[in-house]
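A note on names: the letters A, B, ... follow the listed sequences, proteins ahead of strands, and every chain is numbered from 1.
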Protein chains: 2
Amino acid sequence: MPSPYFTKLTKIMLLTQTEENYLKAIFKHSEEAGKGVATTNAIAIEMNTAPASVTDMLRRLSEKKLINYEKYKGVSLTDSGRQVATELIRKHRLWECFLVDKLDFEWDEIHDIAEQLEHVNSPELIRRLNEYLGTPRFDPHGDPIPDEHGNIPEREFITLSNLEPGQTGELIGLQEHPDSLMKFLKKINVAIGTKITVLEYNEFDESLYIQINNEKKGGLSRKVSDNLLMKVI
Amino acid sequence: MPSPYFTKLTKIMLLTQTEENYLKAIFKHSEEAGKGVATTNAIAIEMNTAPASVTDMLRRLSEKKLINYEKYKGVSLTDSGRQVATELIRKHRLWECFLVDKLDFEWDEIHDIAEQLEHVNSPELIRRLNEYLGTPRFDPHGDPIPDEHGNIPEREFITLSNLEPGQTGELIGLQEHPDSLMKFLKKINVAIGTKITVLEYNEFDESLYIQINNEKKGGLSRKVSDNLLMKVI
DNA sequence: TAAGACTTTTAGATTAATCTAAAAATATTT
DNA sequence: AAATATTTTTAGATTAATCTAAAAGTCTTA
Ligand SMILES: [Mn+2]
Ligand SMILES: [Mn+2]
Ligand SMILES: [Mn+2]
Ligand SMILES: [Mn+2]
């Protein structure tokens, strides 16, 4: 519904889903990526729109004091913009927990549904959902769930590619989670919590020979091992 | 997101939330109300818009073959429009069950949240949600939940105002459910499933003297008793 | 440091959803 | 059956979100 749906009285302005999605994209490409600012182009690619559309939106978000924006200089979130973004990420990840823990979805089936659910606006709903789920700290992909104040739990990890032969680690997350990676991991029986032991390192292609849960053995490309975030055990 | 988001290939066209809400409004004022057709004005009031906006939308919905529309003659749903409407009602009511059964919300707190959740598009989500809830046939307000084919369970009922003194009934639903009525019923400890015995009928104001669950006794106005749908026991 | 390449913004349109004011059609009352 | 009232539609604008094409700014590299 494109209409001016604010609420000035309560000081909570209601944003359109589109505005919310832009804020998430900006968060991802500034803070999460550690770059400080997000560029117009990066946002355009993330949002699947023309760069001109991004410029337009940046003007509007800037007017609403959700972002710091200077022409040609890139954008960052203001405190209130960051607040909105982390709340969205919190909602997204809590819903992902719900889908997996309660409705038995698999981790590669939930993202698109959570993309929709995250825009449902009801603080009380999220409060109760969180409680119902037992206040989880990480979602089914191992990603940290911001708390109600926007604080994001820290994860300590080392990528599997950085483990030495002989070391064993437990999978606690993924660097990126494209569908193709999740499908592949499902096939070789690797999921969050799986124990992986590095048996050999092959210098030629930087692949690893590994053992999964002290059972099956197999090879793993560098590209995959770079994406697996492990806790050494 | 106002953009042309169809999918012609799958023959499932994705509607905007606004279009979906109009279809629900048309369903309510044509089929549910038993009138055959919904009028522009009734839809405008339901949707909280100007009648001119309704006319505009009717043209668009008609173009998409979701409604039968002839200028000045009122509108009715086509089969595909009815399909969409009943699916929305199904989703709305299933989510209401979830909110009450799983998250412990009260029946007067859930409607607005369900209004948002009903627009989440994922048939598999609804399939699993329905299963998770144990395939309920009625929602927390006693309203029937359409099945996956759009069939709506029939309710047999008699309003409390039509019970004779001496008769006892169980509350199975409400005619209308404004917030004020639900709050009042909560206060006098009446909910779906509550047993009510009619002790006396007062001719002057058509009020009833009743007993609730064989315990508390009290008076009830005609306006309230007209709204309580009972099953005689 | 100037040319070329890339990025970003501006200009000008389009579409969905809305509005108000006015005209047209239909319904109700004298 | 007129006159009046009510309902519905048309006309003309507006706003959010998008697009393409072109201009302007910034970066890279010879
Ligand atoms: Mn996700
Ligand atoms: Mn996730
Ligand atoms: Mn409801
Ligand atoms: Mn209901």
Side-chain angles (χ1 to χ4, degrees), chain A residues 1-8 13-26 29-30 33 35-76 84 115 119, chain B residues 1-8 13-26 29-30 33 35-76 84 115 119:
Chain A
M1 259 184 278
S3 64
Y5 56 100
F6 308 79
T7 313
K8 264 281 176 53
M13 71 170 104
L14 290 197
L15 305 175
T16 63
Q17 294 199 184
T18 307
E19 288 171 320
E20 290 188 337
N21 286 333
Y22 271 97
L23 291 174
K24 272 202 308 169
I26 294 164
H29 285 86
S30 58
K35 293 195 178 124
V37 294
T39 64
T40 299
N41 254 359
I43 298 166
I45 291 165
E46 182 74 31
M47 295 295 297
N48 230 297
T49 57
S53 310
V54 174
T55 302
D56 237 52
M57 180 57 91
L58 293 183
R59 236 192 303 280
R60 267 175 286 144
L61 293 175
S62 182
E63 218 134 272
K64 295 186 178 181
K65 311 265 191 223
L66 293 161
I67 61 172
N68 305 116
Y69 172 53
E70 265 182 282
K71 278 207 268 181
Y72 296 105
K73 304 282 172 168
V75 288
S76 61
V84 174
E115 282 294 309
H119 299 291
Chain B
M1 258 184 279
S3 66
Y5 57 99
F6 307 80
T7 312
K8 265 281 178 51
M13 69 170 102
L14 291 198
L15 303 176
T16 63
Q17 293 200 184
T18 307
E19 289 172 319
E20 291 189 335
N21 285 333
Y22 271 96
L23 290 175
K24 272 204 306 169
I26 293 164
H29 286 86
S30 57
K35 294 200 177 120
V37 295
T39 64
T40 300
N41 254 359
I43 299 165
I45 290 166
E46 182 75 31
M47 294 295 296
N48 229 296
T49 57
S53 310
V54 174
T55 302
D56 236 53
M57 180 57 90
L58 293 183
R59 236 192 302 279
R60 266 175 288 143
L61 293 175
S62 181
E63 218 134 90
K64 295 184 177 181
K65 311 264 191 223
L66 293 161
I67 60 172
N68 305 115
Y69 172 52
E70 264 183 283
K71 278 208 269 180
Y72 295 104
K73 305 280 174 174
V75 288
S76 61
V84 173
E115 282 293 308
H119 299 291

query: Are A/Met47 and A/Lys24 close enough that some pair of their side-chain heavy atoms sits under 4.5 Å apart?
result: no
side-chain contact (heavy atoms from CB on, under 4.5 Å) filter on B/Glu19, not counting sequence neighbours, yields B/Leu15, B/Thr16, B/Met57, B/Leu61, B/Lys64
What one should report as the nearest heavy-atom pair of A/Thr49 and A/Ser53 is CB-CB, 4.1 Å
Taken to the nearest 0.5 Å, the spacing of B/Leu23 CG from B/Leu66 CG works out to 5.5 Å
Can you name the atoms? Protein N/O to nucleotides 1-3 of chain D N/O, anything below 3.5 Å, with the distance.
none

B/Tyr22 atom OH is separated from C/dT18 atom C1', nearest whole Å, by 8 Å
Is there any protein nitrogen or oxygen under 3.5 Å from a nitrogen or oxygen in nucleotides 6-10 of chain D, and what are the pairs?
from, atom 1, to, atom 2, distance (Å)
D/dT8, OP2, B/Asn41, N, 2.8
D/dT9, OP1, B/Tyr69, OH, 2.5
D/dT9, OP1, B/Tyr72, N, 2.9
D/dT9, OP2, B/Thr40, OG1, 2.9
D/dT9, OP2, B/Thr55, OG1, 3.0
D/dT9, OP2, B/Tyr69, OH, 3.4
D/dT9, O4', B/Tyr72, OH, 3.4
D/dT10, OP1, B/Lys71, NZ, 2.7
D/dT10, OP2, B/Arg59, NH1, 2.6
D/dT10, OP2, B/Arg59, NH2, 3.3

Distance col, row B/Asn21:CG vs B/Asn48:CG, nearest 0.5 angstrom, shows 11.5 Å
The reported gap from OH in B/Tyr22 to CG in B/Leu58 (rounded to nearest 0.5 angstrom) is 8.0 Å
B/Glu20 meets the side chain to side chain donor-acceptor pair (under 3.5 Å) criterion, sequence neighbours left out, with B/His119
Atom CD of B/Gln17 and atom P of D/dA17 are separated, to the nearest Å, by 13 Å
Separation of D/dA16 atom C1' from A/Met13 atom CE, nearest Å, is 16 Å
B/Leu61 atom CG is separated from C/dT18 atom C1', nearest whole Å, by 15 Å
Contacts of A/Ser76 meeting side chain to side chain donor-acceptor pair (under 3.5 Å) (sequence neighbours excluded), chain-then-number -> A/Asn68
B/Leu15 CG to C/dA16 P, in whole Å, measures 13 Å
Taken to the nearest whole Å, CD1/B/Ile43 to C1'/C/dT18 is 16 Å
From NZ of B/Lys64 across to P of C/dT15 the rounded distance in Å is 13 Å
In whole angstroms, the gap separating P of C/dA17 from CE of B/Met57 amounts to 4 Å
With a 3.5 Å cut-off and sequence neighbours excluded, list the donor-acceptor pairs that the side chains of residues 36-46 of chain A form with protein atoms.
from, atom 1, to, atom 2, distance (Å)
A/Thr39, OG1, A/Ala42, N, 3.2
A/Glu46, OE2, A/Lys28, NZ, 3.3

Does OP1 or OP2 of C/dA17 have a side-chain N or O of B/Thr16 closer than 4.0 Å?
-> yes
